[in-house]
Amino acid sequence: MAQPNPAPFDAIVLGAGAAGMMCAALAGQRGRRVALIEHGEEPGRKILISGGGRCNFTNLEAAGDRYLSQNPHFAKSALSRYTPQDFLALVERHGIAWHEKTLGQLFCDGSARQIVAMLLAECAKGEVALACGAAIADVGHGDGLFRVTAGGRAYAAPSLVIATGGPAIPRMGATGFAYDLARQFGLKVVQPRPALVPLTLSGEEALFQSLSGVSTEVIARSGRISFREAALFTHRGLSGPAILQISSYWRHGEQIGIDYLPDQAADWLLAAKRVTPRATLRRLLRDALPERLADTLYDQIGLDGDLGNLPDRALTAAQARLADWRFTPNGSEGYAKAEVTAGGISTADLSSRTMEARRVPGLYAIGEAVDVTGWLGGYNFQWAWASAWAAAQAL
Ligand code: FDA
């Protein structure tokens with residue numbers, strides 16, 4: 001016969017961010033007595049600043065192939081059981097107006113505050129005991145109970161959910177606490193690194209910094225991965241959605257390739273030579289690209305004179321360079337500017353169905369703390385909701 005639970009809670013959830021609030025609310029609504037512990041003064045701070053204040057809360061295209069992880073199959077189960085439509089139905093039940101911006105990205109019409117308010121209302125419905133401003137002093141485990149001391153109070157429960165996210169944007173209260181805790185319980189941690197982050201340039205490539213503020217649509221490549229979106233030159237290097245996306249795949253020392261002319265045919269310059277032999281490369285580039293960028297690329301390529309007087313070989317080489325302009329970033333802007341952390345608690349130690357640690361019954365990890373990292377565009381929140389849902393069914 002099951003022993004009665006001697007603790008005042010069935011589950012303790014650490015971190016009142018996207019994943020923690022969702023998990024606590026759902027478990028509470030399933031009749032579990034849940035404590036939700038947050039060291040910040042208010043819950044959901046990253047939600048508040050997300051999507052430019054409008055929260056890109058999901059993406060209709062969310063599927064396993066849009067996530068990075070050492071185990072690319074891990075996220076599939078949770079993502080297929082709690083879908084973008086499920087979260088959208090919740091948003092609609094709360095009367096929150098939304099719109100699709102682009103590429104399946106769903107945003108609030110109003111404010112990200114509505115998503116935090118919705119999650120808090122769901123927590124209230126589940127009678128979740130939320131403690132904010134509660135610094136966690138100690139976490140222990142014994143006799144089938146997890147014991148947490150936080151904000152001067154002692155909590156005990158047979159289940160503990162790690163939902164404290166990753167270290168991206170420390171000024172928002174982000175920490176690597178999840179990894180310390182995981183290691184304390186013998187779980188492996190995949191080397192964390194900043195992702196969805198601007199890349200920095202130095203040396204000869206620093207000249208592109210003079211283009212700060214220029215934006216253009218490109219295809220950015222790293223190995224066999226590519227993204228067609230806007231790239232933005234900054235005073236430190238490269239940013240914009242295409243670069244943020246590719247940064248998650250990029251590793252130190254590797255090159256990234258930029259196709260500045262994604263809409264031009266492969267024989268664009270040769271065709272222009274035939275049709276407009278008196279035109280110059282500078283003029284063609286100025287017609288196709290922002291002027292400052294066109295001039296910088298033209299100066300780098302160094303092909304002067306009318307197209308009609310230039311050898312086909314030189315034009316073919318110039319076009320190839322424009323279609324695959326190589327940069328070797330010297331780094332990234334780091335956790336201070338990263339939208340997420342790649343890496344984290346190894347999926348090898350977790351059940352993909354429940355997010356429970358295989359060797360530590362009752363211990364769960366969800367959200368960004370886990371080695372599952374989504375593309376830009378609502379994918380990371382969808383992972384937070386889906387992994388939270390999966391754990392909540394098991395609590
Ligand atoms: P999250 O970071 O949300 O929550 C963790 C919580 O744990 C925080 O409240 C933190 O204070 C708390 N915590 C940390 N350490 C603790 C400790 N030691 N003790 C107690 N509590 C602790 N994604 C997306 O899909 N769409 C978007 O529009 C955006 N936009 C966006 C903008 C910006 C500027 C950033 C930085 C990030 C995004 N993201 C995003 C990413 C998204 O915010 C992120 O993936 C999720 O918030 C992750 O949810 P979690 O609940 O796992 O962590």
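Order of listing sets the numbers, starting from 1, for every ligand and every atom in it.
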| message | Holding to ring pair (Phe, Tyr, Trp, His ring centres under 6.0 Å), I want the full list of residues that pass it with Tyr364, two or more places apart in sequence or in another chain. | response | none
| Donor on one side chain, acceptor on other, Tyr298 and Asp304, under 3.5 Å | yes
| request: Answer yes if the side chains of Trp98 and Glu92 hold a donor-acceptor pair under 3.5 Å, and no otherwise. | output: yes
| query | Would Phe87 and Phe381 count as a close aromatic pair, with their ring centres under 6.0 Å? | reply |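 So the answer is no for these two rings.
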| task | Please work out which of the three classes, parallel, tilted or perpendicular, describes the rings of Phe227 and Tyr249, given edges at 30° and 60°. | result |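 It falls in the tilted class, 30° to 60°.
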| Which heavy-atom pair separates Pro167 from Gly176 by the least distance, and what is that distance? |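 Taking every non-hydrogen atom into account, CB-N, 4.3 Å.
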| Atom-level proximity to ligand 1, residues with heavy atom under 4.0 Å |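 Gly15, Ala16, Gly17, Ala18, Ala19, Glu38, His39, Arg45, Lys46, Ile49, Ser50, Gly51, Asn56, Ile136, Ala163, Thr164, Gly165, Ile169, Gly173, Thr175, Phe177, Glu339, Val340, Gly367, Glu368, Gly378, Tyr379, Asn380, Phe381.
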